[in-house]
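Here is the structure we will look at, set down as structure tokens.
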Amino acid sequence: MARFEQETLSFYPVLNSPFSILNCLLSLQFLSLLLTIPSFPLAAIRPVSSPRETIEQQAVSSFRRHFECPPSVVASAPGRINLIGEHTDYNDGYVLPAAIDRTTAVALGHRADDKLVMRSASFTEEASFRVARLYPSERRTWTDYVIGVASLLQDRCGTLKGANLLVHGDVPRGAGLSSSASLELAVAFGLIRLNGFSVPSLDIINICQRAEHEFAGVRCGIMDQFIACLGKRDHALLLDCRSQSYEHIPLPPGMGLLICDTGVRRALGNSEYNARRQQCEEGVRILSTRIAGVKALRDVSMDQLHEFSQLLSPLVLRRCIHVVTENARTLRSAEALRRNDLGEFGKLMYDSHASLRADYEVSCAELDAVVDICAVCEGVYGARMTGAGFGGCAVCALTVESIPRVTECLGAGYTRRFKRVPSVYACTIEDGAASRCL
Ligand code: GLA
């Protein structure tokens with residue numbers, strides 16, 4: 001594994017740079033379209049060749065170059081934004097994510113031996129494991145996600161054939177856009193196709209979530225794997241994380257979505273995340289001694305929380321308040337989107353951010369500033385941090401027409417305050433994971 005150190009540290013950032021250029025070109029295409037078309041849905045700006053196809057083609061070309069033969073399968077899965085419903089999934093609550101036009105692709109080909117050999121597109125080093133010995137590395141590396149998925153798939157479906165894997169993507173790492181779930185889902189879809197297995201979507205989702213728990217050490221909820229698998233173009237996904245029932249909700253035409261990456265990456269993100277989960281469990285443990293049938297914070301109402309607030313430490317109480325109110329906001333947001341009430345939806349986004357900042361304490365000065373800047377820009381419905389927090393990205397819902405102006409405003413305001421240029425881009429909402437034989 002030592003051979004992988006350098007690659008592990010710079011895997012996504014390095015892959016990202018060519019795509020910043022791509023993003024600029026797309027933005028130029030977008031701006032020129034804006035000048036000629038007065039008002040149109042965001043979907044109208046999709047380039048003819050999708051960024052996802054481009055990423056898949058690049059994975060295939062890199063595979064040919066590195067392994068000196070063509071791959072037989074390519075699979076890919078998107079990153080995601082979460083519109084609302086943050087830190088609710090591991091409390092059996094509701095989430096409302098959407099898959100974005102940022103992708104991780106994996107090209108795969110058979111090998112004659114029983115090894116899984118994996119590389120990224122940008123480096124010459126490779127990691128190699130026998131399928132009978134798939135264990136997480138001592139250091140945490142991105143290969144743990146691949147190994148985790150492969151190992152759990154093998155438990156479920158039988159011995160894997162030896163394979164070469166080439167991973168390539170443009171989901172920024174550690175930015176709260178779920179690069180790890182997109183990697184897990186792309187690998188799962190690729191290995192399933194290569195081995196001729198048949199696995200229902202819900203099982204794939206659960207295998208990928210377990211890979212993250214057991215091989216990467218993050219006790220994540222089910223949201224990211226769910227949306228990376230079952231995302232739908234131009235739709236958000238309302239998911240009940242307890243029953244795992246879901247509904248695709250069409251996004252109102254004319255609503256644009258901007259992602260603003262603060263560039264802040266928190267080294268302690270995983271341990272803080274696990275700590276939040278423990279604090280919620282502590283709340284459930286205490287409340288369940290007084291309220292019958294409480295298995296998760298999903299089962300607690302605000303009235304009950306007030307009634308038993310004295311039993312909880314101030315910190316655990318704040319965490320519980322966030323989760324209980326966020327579940328209600330998520331259901332109300334889905335309703336607002338169904339009736340195209342973007343004013344109400346935007347207000348709920350701001351409320352969610354305020355709660356994540358004050359009660360759940362997972363925001364940071366940079367994310368707060370992005371939301372504050374958005375709040376005074378004309379054409380913005382709402383904004384909030386997205387994903388686990390502790391840095392990463394904010395998402396802003398706005399009129400499509402206002403995208404160039406708000407992008408500029410965010411760039412200028414953020415740079416003035418933090419002396420650093422944020423990465424701001426309009427995203428489109430895309431389909432979940434897919435694979436195909438070549
Ligand atoms: C991360 C986790 C998700 C979810 C979010 C916070 O993205 O992977 O399961 O808990 O944080 O909403």
Side-chain angles (χ1 to χ4, degrees), residues 77-100 102 104 140 142 144-145 148-149 171-185 205-231 236-242 244 246 259 261 265-266 268-281 296-298 319 322-327 329-330 333 348-349 352-353 355-357 359-364 367 384-395:
R80 61 107 188 87
I81 47 174
N82 186 18
L83 293 177
I84 198 162
E86 216 66 84
H87 291 277
T88 45
D89 59 352
Y90 52 85
N91 289 298
D92 276 2
Y94 300 95
V95 291
L96 193 62
I100 57 172
R102 291 281 175 135
T104 303
R140 295 277 183 226
W142 67 269
D144 291 340
Y145 299 102
V149 169
V171 188
R173 191 175 173 214
L177 300 179
S178 200
S179 59
S180 52
S182 75
L183 173 61
E184 290 151 16
L185 264 296
I205 290 167
N206 285 305
I207 282 173
C208 290
Q209 184 197 23
R210 274 184 59 203
E212 188 127 357
H213 284 210
E214 295 169 25
F215 288 75
V218 183
R219 296 179 64 213
C220 65
I222 197 75
M223 168 172 74
D224 300 346
Q225 289 75 17
F226 223 99
I227 187 66
C229 186
L230 292 172
L237 181 137
L238 175 65
L239 171 66
D240 177 337
C241 299
R242 170 169 279 167
Q244 299 196 353
Y246 61 93
I259 295 174
D261 188 346
R265 304 286 185 265
R266 288 281 154 85
L268 287 178
N270 288 352
S271 56
E272 283 294 322
Y273 181 91
N274 288 343
R276 293 298 178 286
R277 194 167 172 153
Q278 271 165 14
Q279 289 153 3
C280 293
E281 286 164 1
L297 288 180
R298 150 76 172 272
R319 305 300 190 243
H322 166 71
V323 174
V324 173
T325 56
E326 184 79 349
N327 272 328
R329 280 189 290 271
T330 305
S333 295
L348 291 161
M349 287 179 87
S352 167
H353 185 81
S355 173
L356 287 157
R357 183 181 59 211
D359 288 334
Y360 219 65
E361 295 178 285
V362 290
S363 186
C364 61
L367 286 167
R384 58 183 289 280
M385 53 157 274
T386 192
F390 319 107
C393 292
V395 62

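Read the numbers this way: they start at 1 and go in the same order the structure lists the ligands and their atoms. What you see is a predicted model, and the numbers here were worked out from it, not measured in a lab.
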Report the residues that fulfil salt bridge (Lys or Arg N to Asp or Glu O under 4.0 Å) with [X], sequence neighbours left out, ordered by chain and then residue number.
| X | answer |
| --- | --- |
| R219 | E281 |
| E184 | none |
| R357 | none |

- Write down the atom of D359, the atom of H322, and the distance for their closest heavy-atom approach. CB-CB, 4.1 Å
Exercise answer, ligand 1 polar atom pairs (N/O) under 3.5 angstrom:
| residue | atom | partner | partner atom | Å |
| --- | --- | --- | --- | --- |
| ligand 1 | 7 (O) | R80 | NH2 | 2.9 |
| ligand 1 | 7 (O) | D224 | OD2 | 2.8 |
| ligand 1 | 8 (O) | D224 | OD2 | 2.6 |
| ligand 1 | 9 (O) | D89 | OD2 | 2.5 |
| ligand 1 | 9 (O) | G221 | N | 2.9 |
| ligand 1 | 9 (O) | Y273 | OH | 3.4 |
| ligand 1 | 10 (O) | D89 | OD1 | 2.7 |
| ligand 1 | 10 (O) | D89 | OD2 | 3.4 |
| ligand 1 | 10 (O) | Y273 | OH | 2.6 |
| ligand 1 | 12 (O) | E86 | OE2 | 2.6 |
| ligand 1 | 12 (O) | H87 | N | 2.7 |

- Item | pair I81-L177: side-chain heavy atoms closer than 4.5 Å | yes
- What class does the angle between the rings of F390 and H87 fall in, given that below 30° is parallel, 30 to 60° is tilted and above 60° is perpendicular?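 Rings of F390 and H87: perpendicular, as their planes differ by over 60°.
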